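In what follows, a structure is listed as structure tokens, so that the remarks can point back to it.
As the structure is a computational prediction, the values presented were derived from the model and not from experiment. Below, read A as the first sequence line, B as the second, and so on, with proteins coming before strands; counting in each chain starts at 1.
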Number of protein chains: 2
Amino acid sequence: MARQVAQRDDLLPVLAETFREHGYEGASLSLIATATGLGKGSLYHFFPGGKAEMVEAVLAEIEAWFEARVFAPLRQDDDPAAAIAQMFGTVTDYFRSGRRVCLVGALSLSDARDRFGQALRRYFALWVEALTEALTRVGHPPEGATALSEDIVGGIQGAVVLARALDRPETFERILVCLRERARAA
Amino acid sequence: MARQVAQRDDLLPVLAETFREHGYEGASLSLIATATGLGKGSLYHFFPGGKAEMVEAVLAEIEAWFEARVFAPLRQDDDPAAAIAQMFGTVTDYFRSGRRVCLVGALSLSDARDRFGQALRRYFALWVEALTEALTRVGHPPEGATALSEDIVGGIQGAVVLARALDRPETFERILVCLRERARAA
DNA sequence: GTCTATAGATCGATAGAC
DNA sequence: GTCTATCGATCTATAGAC
């Protein structure tokens with residue numbers, strides 16, 4: 001077993017999953033060390049700020065991921081209807097039909113919200129704005145597009161909560177089908 | 001200041017608020033002791049099972065609270081339309097327009113979900129079933145009533161997430177107005 | 001860059017005095 | 001029924017060897 005020279009960026013997906021599964025307080029450094037296969041010393045080498053810096057890095061990567069695959073297409077794809085359809089597909093996969101928690105949403109409900117407030121607000125603000133843009137381009141009246149966009153982004157978050165509580169991934173998928181329907185032009 | 005003889009039930013609202021604000025892991029016994037004004041010894045006198053038993057008790061009280069004020073009226077009030085309207089009003093107050101977290105929803109997104117799974121499932125199942133009943137009685141076709149009910153209950157949870165992340169209580173209220181509109185008979 | 005060892009604080013939980 | 005004192009475990013974070 002050769003000594004691995006870890007890259008900071010390679011740790012981010014593992015860190016993200018650990019925070020998703022255990023939350024900010026629940027994800028202890030020992031747990032993170034086990035999950036990443038690194039010692040605490042190594043973790044502090046990459047993230048001198050400790051857990052807080054890890055979460056910041058994870059949130060930045062999540063935002064970049066959504067920016068590339070969801071937000072940017074919604075904003076400027078030549079075919080806004082296709083971008084919206086792609087969004088629902090991407091999100092269903094990403095959240096594993098509600099089996100996987102949205103880290104941004106979960107942090108928003110925790111007391112970590114105050115610490116990471118700016119990143120959390122940015123993520124949802126970007127999403128709502130990008131979707132509003134696509135809804136407008138697809139023919140929705142500009143007066144109602146922001147409200148509809150908030151309904152949909154909020155609806156997705158609620159679908160995660162409900163599907164996880166009821167332990168019914170089908171519920172997540174059905175709600176998303178319904179939201180997709182509402183996103184169609186009138 | 002006379003020595004207070006605490007009643008177990010009197011502690012529940014304080015415990016609920018503490019868990020709402022700090023989550024299951026974040027609400028330490030020291031924090032709970034400070035919030036309730038009791039020592040750890042007293043807390044273990046009332047809740048021999050520690051934090052887990054406190055959360056169970058809080059969840060039971062929350063369910064009873066909603067049963068009396070929301071679920072029962074939805075199920076059997078003579079005026080189902082009024083019960084639905086009352087539900088939206090009660091919920092808006094209860095969640096402080098999204099400033100206050102739904103403890104059941106927050107626990108569903110945390111790793112405490114597995115420990116308290118049954119209580120979390122019960123709460124949302126009762127809500128969805130009761131609202132389905134009211135929607136049917138108000139004239140919605142039975143085939144679509146369950147789906148609409150899930151949309152609404154999930155939508156409320158999502159509204160809490162989004163409003164907290166964006167720090168915009170108005171967003172919570174606007175989403176609830178929209179959901180209330182969809183609950184009207186066709 | 002990674003590790004072990006460990007500091008210092010805090011955790012959940014218990015014991016015993018009153 | 002409430003308190004203080006305290007246990008052992010675990011926590012975040014650091015130090016220093018390699």
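- Rounded to a whole Å, the CG atom of A/Leu43 is 12 Å from the P atom of C/dT4.
- Residue A/Ser108 is tested with A/Phe124, A/Tyr123, A/Phe116 for a side chain to side chain contact (heavy atoms under 4.5 Å, CB included); the sole match is A/Phe124.
- Put simply, B/Ser42 has no side-chain N or O that comes within less than 4.0 Å of OP1 or OP2 on D/dG1.
- Contact of the B/Glu133 side chain with the B/Leu74 side chain is not registered, since no non-hydrogen atoms from C-beta on lie closer than 4.5 Å.
- The interatomic distance linking A/Gln7 (CD) with C/dG1 (C1') rounds to 11 Å, in whole Å.
- Closest approach of A/Phe95 to A/Cys102, counting heavy atoms only: CE2-CB, 3.4 Å.
- Atom-to-atom, CZ of B/Phe46 to P of C/dT14 comes out at 17 Å; the value is rounded to the nearest Å.
- Taken from OG1 in B/Thr92 to CD1 in B/Ile175, the straight-line distance is 11.5 Å, to the nearest 0.5 Å.
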N/O-N/O pairs, protein side and nucleotides 9-12 of chain C side, under 3.5 Å:
| unit_1 | atom_1 | unit_2 | atom_2 | d |
| --- | --- | --- | --- | --- |
| C/dC11 | OP1 | B/Ser28 | OG | 3.0 |
| C/dC11 | OP2 | B/Ser30 | OG | 2.9 |
| C/dG12 | OP1 | B/Lys51 | NZ | 3.0 |
| C/dG12 | OP2 | B/Leu29 | N | 2.6 |

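- Minimum interatomic distance between A/Leu135 and A/Ala183 (heavy atoms only, all atoms of both residues): CD2-O, 3.6 Å.
- As a whole-Å value, the separation of A/Phe47 CZ from D/dT12 P is 15 Å.
- Look at B/Glu129 and B/Arg75 and you find no salt bridge, because none of the NZ, NE, NH1 or NH2 atoms lies under 4.0 Å from a carboxylate O.
- Between its two ends, the helix from C/dG1-D/dC18 to C/dC18-D/dG1 turns its axis by 0°, counting five pairs per end and rounding to 10 degrees.
- Each of B/Glu173, B/Arg168, B/Arg174 was scored for a side-chain hydrogen bond (donor to acceptor under 3.5 Å, both in side chains) with B/Thr171, with one residue passing: B/Arg168.
- Taking the side chain as every heavy atom from C-beta outward, A/Leu107 and A/Arg115 never approach each other to under 4.5 Å.
- The environment of A/Arg8 atom CZ is dense: over 12 non-hydrogen atoms of other residues, nucleotides or ligands sit within 6.0 angstrom.
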Report each atom pair, protein N/O against N/O of nucleotides 16-18 of chain D, whose distance is under 3.5 angstrom.
none

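- Atom CZ of A/Arg182 is surrounded by more than 12 heavy atoms from other residues, nucleotides or ligands within 6.0 Å.
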So B/His22 and A/Asp111, side chain to side chain contact (heavy atoms under 4.5 Å, CB included) or not? Walk me through it. CA-CA 5 Å; B/His22 300 96; A/Asp111 66 342; 3.7 Å; yes

